[in-house]
Amino acid sequence: MAILSVSISATIPNSHISRSNVSLKTSFLSNPLVNLRFLATPNSKKNGMVVRMNYEAGVGVMGTKLGMMSFFEPDGKVVPVTVVGFKEGNIVTQVKTEATDGYNAVQVGYRRVRDRKLTKPEMGHLQKAGAIPMRHLQEFRLVSVDGFEANQRLVFDDLFKEGDLVDVAGTTIGKGFQGGIKRHHFKRGLMTHGSKSHRALGSIGAGTTPGHVYKGKKMPGRMGGTKRKIRKLKIVKVDNDLNVVMIKGAVPGKPGNLLRITPAKIVGKNIPKN
């Protein structure tokens, strides 16, 4: 099975260009379609500190959503962008290999916190790697972990460049318990002429046959607050002075939410032209 160092081009879907930074290189299978077949089983702690993700095109970083704004390109075109800031962190806390853990992965920590905010096992895990106390830990499963070591700092500018395509994952804004009209865009009934069906759900199935409500029926329930990933977003601007990056379009969550940014998995010709 061939293993290649990769820097995916936004205009040539089947080209893989190696970058000069050997310490931060990533690798993946020579056939991009294989990446969609191998999925890791989600396994998260109750406190939400460790999250295990599926195979990605390479290692990623974590950031904090700051908000949205308008970005003016040199030709005067206005582009809506999401501003993502980076607090202290994005440090490699553990390198997992098939020999020690049964799979290859790089665990990255983000957002420094005070010692008393973490439990003793969490502090011991970070101290073993020589890292600072951090709130969030994220695993990025890779085909090869060569070039990574504990307490290695990942810099966004070394992993991504302006014009690259990335996948951004986060938790959507929670909207609480909502009815069918807001949650599923149902049409309301008449508000006059004696109608007694205004915003009610209405019939949910026959009583005799099948005698039960089918699974997956669109009904009122909790809306939002779920994990979502927006794929193939373009990096418009990387500002090292402000330590922020501007990504074209909207990403999940409200300002202050945690985001996970990974290289986009490019398959076929489904690539944005701009």
Note, [X] side chain near [Y] side chain (heavy atom, < 4.5 Å):
{"X": "Thr171", "Y": "Pro252", "result": "no"}
{"X": "Val92", "Y": "Glu149", "result": "no"}
{"X": "Val166", "Y": "Lys232", "result": "no"}
{"X": "Val244", "Y": "Leu66", "result": "yes"}
{"X": "Val155", "Y": "Val61", "result": "no"}
{"X": "Phe72", "Y": "Val79", "result": "no"}
{"X": "Leu201", "Y": "Met219", "result": "yes"}
{"X": "Val168", "Y": "Ile247", "result": "yes"}

Pair Gln107, His125: side-chain N/O donor-acceptor within cut-off below 3.5 Å: yes
Derivation and outcome, side-chain contact (heavy atoms from CB on, under 4.5 Å), residues Leu154 and Leu159: CA-CA 8 Å; Leu154 302 180; Leu159 296 173; 4.3 Å; yes
Spell out, yes or no, whether [X] and [Y] are grouped together once hydrophobic residues are joined by side-chain heavy atoms under 4.5 Å, including indirect joins.
{"X": "Ile230", "Y": "Val236", "answer": "no"}
{"X": "Met246", "Y": "Ile235", "answer": "no"}
{"X": "Val84", "Y": "Met69", "answer": "no"}

Side chain to side chain contact (heavy atoms under 4.5 Å, CB included) partners of Thr226, counting only residues at least two apart: Thr172, Arg228
Chi angles and distances behind the side-chain contact (heavy atoms from CB on, under 4.5 Å) call for Asn104, Arg141: CA-CA 6 Å; Asn104 295 325; Arg141 297 195 65 174; over 6 Å; no
Quick one: pull up [atom1] in [X] and [atom2] in [Y] and give me the separation to the nearest 0.5 Å.
{"X": "Arg153", "Y": "Ile91", "atom1": "CZ", "atom2": "CD1", "result": "4.0 Å"}
{"X": "Asn151", "Y": "Gln94", "atom1": "CG", "atom2": "CD", "result": "13.5 Å"}
{"X": "Ile204", "Y": "Lys218", "atom1": "CD1", "atom2": "NZ", "result": "15.5 Å"}
{"X": "Met123", "Y": "Arg116", "atom1": "CE", "atom2": "CZ", "result": "13.0 Å"}
{"X": "Met134", "Y": "Met62", "atom1": "CE", "atom2": "CE", "result": "8.0 Å"}
{"X": "Met223", "Y": "Ile173", "atom1": "CE", "atom2": "CD1", "result": "10.5 Å"}

Taking all heavy atoms of [X] and all of [Y], pick out the closest pair and write down the distance.
{"X": "Pro255", "Y": "Gly67", "result": "CG-CA, 4.3 Å"}
{"X": "Asp239", "Y": "Leu242", "result": "OD1-N, 3.2 Å"}
{"X": "Lys217", "Y": "Ser203", "result": "NZ-O, 4.3 Å"}
{"X": "Pro220", "Y": "Gly180", "result": "CG-N, 4.0 Å"}

Within residues 60-75 or reaching into it, pairs that qualify as side-chain hydrogen bond (donor to acceptor under 3.5 Å, both in side chains) - sequence neighbours excluded: Thr64-Tyr110
Qualifying salt bridge (charged side-chain N to carboxylate O under 4.0 Å, His left out) pairs with a residue from residues 189-212, counting only residues at least two apart or across chains: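 Checked against salt bridge (charged side-chain N to carboxylate O under 4.0 Å, His left out) - neighbours excluded - no pair reaches residues 189-212.
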Qualifying salt bridge (charged side-chain N to carboxylate O under 4.0 Å, His left out) pairs, either residue in residues 99-115, two or more places apart: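 Every pair satisfying salt bridge (charged side-chain N to carboxylate O under 4.0 Å, His left out) with a residue in residues 99-115: Glu88-Arg112.
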Sequence-distant partners of Tyr214, ring-ring contact (aromatic ring centres under 6.0 Å, His included), two or more places apart: His212
ring-ring contact (aromatic ring centres under 6.0 Å, His included) partners of Phe156, counting only residues at least two apart: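 ring-ring contact (aromatic ring centres under 6.0 Å, His included) list for Phe156, sorted by chain: Phe86, Phe160.
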Glu139/Lys96 salt bridge by N-O under 4.0 Å criterion: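 A salt bridge links Lys96 with Glu139.
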Asp167 bridged to Arg231 by N-O distance under 4.0 Å: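 Yes, charged N to carboxylate O under 4.0 Å.
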Between the main-chain N or O of [Y] and the side-chain N or O of [X], is there a donor-acceptor pair closer than 3.5 Å?
{"X": "His136", "Y": "Gly109", "answer": "no"}
{"X": "Asn240", "Y": "Asn243", "answer": "no"}
{"X": "Thr82", "Y": "Met68", "answer": "no"}

Test log, rule side-chain contact (heavy atoms from CB on, under 4.5 Å), inputs Leu259 and Val251: CA-CA 9 Å; Leu259 298 176; Val251 301; 3.8 Å; yes
Worked verdict on Thr262 versus Phe140 for side-chain contact (heavy atoms from CB on, under 4.5 Å): CA-CA 9 Å; Thr262 54; Phe140 298 94; 3.5 Å; yes
